[in-house]
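Sequential numbering from 1 along the given sequence is applied to the chain's residues.
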Amino acid sequence: VQLQASGGGLVQPEGSLRLSCSVSGVIFGLKTMAWFRQAPGKQRELVARVTSGGRTGYADFVKGRFTITRDNAKNTVYLQMNSLKPEDTAVYYCNSIPPYDCWGQGTLVTVSS
């Protein structure tokens, strides 16, 4: 299984970023996929999920700001992040639910002025 997240970077508060995660080695279309994040000194937490059928769910702290989507033809899951806050600073990872043991390197999102 390979999970390759990209699209992170430095953004100012209230800015936007779009993360992508390319997935290989699994039957992507059958999996519930999710984005997780881990801030320095904190545990990894679930941010958003999308089922194989496209049903989505979000953590309360990102509802109304983040949108998760998937493209089964491209084996890719996306996270559109709007109205970013400094507390969104973290390394973002994608994985399935339940997650595989391998997490990939993630992509760092830094929200700062």
Side-chain heavy atoms of [X] within contact of [Y], under 4.5 Å:
X      : Y      : value
Arg37  : Lys42  : no
Val109 : Asp88  : no
Val50  : Trp35  : no
Leu10  : Leu108 : no
Gln4   : Gln105 : yes

More than 12 heavy atoms of other residues, nucleotides or ligands under 6.0 Å from CD of Glu45: yes or no?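 It does: Glu45 CD has more than 12 such atoms within range.
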
Verify the neighbour count for atom CD of Gln38: are there more than 12 heavy atoms of other residues, nucleotides or ligands below 6.0 Å?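 More than 12 heavy atoms, drawn from other residues, nucleotides or ligands, come within 6.0 Å of this atom.
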
Do the numbers put Arg44 on top of the ring of Tyr93, so that NZ or CZ is under 6.0 Å from the six-membered ring centre and no more than 45° off the axis?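 Checked: cation-pi criterion met.
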
Got a second to check how far Asn95's CG is from Cys102's SG, nearest 0.5 Å?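 One finds 6.5 Å between CG of Asn95 and SG of Cys102.
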
Which pair of non-hydrogen atoms, one from Leu46 and one from Phe61, has the smallest distance, and what is that distance?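 Smallest heavy-atom distance, with atoms named: O-CZ, 3.7 Å.
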
Can you name the closest pair of heavy atoms from Ser52 and Asn72 and give their distance?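 Shortest heavy-atom separation between Ser52 and Asn72 comes out as O-ND2, 4.0 Å.
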
With sequence neighbours excluded, residues passing side chain to side chain contact (heavy atoms under 4.5 Å, CB included) with Lys63: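 With neighbours one apart ignored, the set is Tyr58, Asp60.
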
Just by modelled atom types, is the Arg65 backbone N or O under 3.5 Å from a matching donor or acceptor in the Ser83 side chain?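 Such a contact is absent between Ser83 side chain and Arg65 backbone.
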
Is there a donor-acceptor contact under 3.5 Å from the side chain of Thr76 to the main chain of Lys74?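 Present.
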
Does Val77 share a hydrophobic cluster with Val62, counting links as ILVMFWY side-chain heavy atoms below 4.5 Å and allowing steps through other members?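 As far as the 4.5 Å side-chain criterion goes, Val62 and Val77 are connected within one cluster.
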
Out of curiosity, does Val111 fall in the hydrophobic cluster containing Phe66 (side-chain heavy atoms, cut-off under 4.5 Å, transitive links)?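 Yes: a chain of side-chain contacts under 4.5 Å links Phe66 to Val111.
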
Atom pairs and distances, side-chain donor-acceptor, residues 11-34, under 3.5 Å, sequence neighbours left out:
{"from": "Ser16", "atom 1": "OG", "to": "Asn82", "atom 2": "OD1", "distance (Å)": "2.9"}
{"from": "Lys31", "atom 1": "NZ", "to": "Tyr100", "atom 2": "OH", "distance (Å)": "3.1"}

Ring pair (Phe, Tyr, Trp, His ring centres under 6.0 Å) against Phe36, all qualifying residues, sequence neighbours excluded: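 Scan of Phe36 (ring pair (Phe, Tyr, Trp, His ring centres under 6.0 Å), adjacent residues dropped) gives Trp103.
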
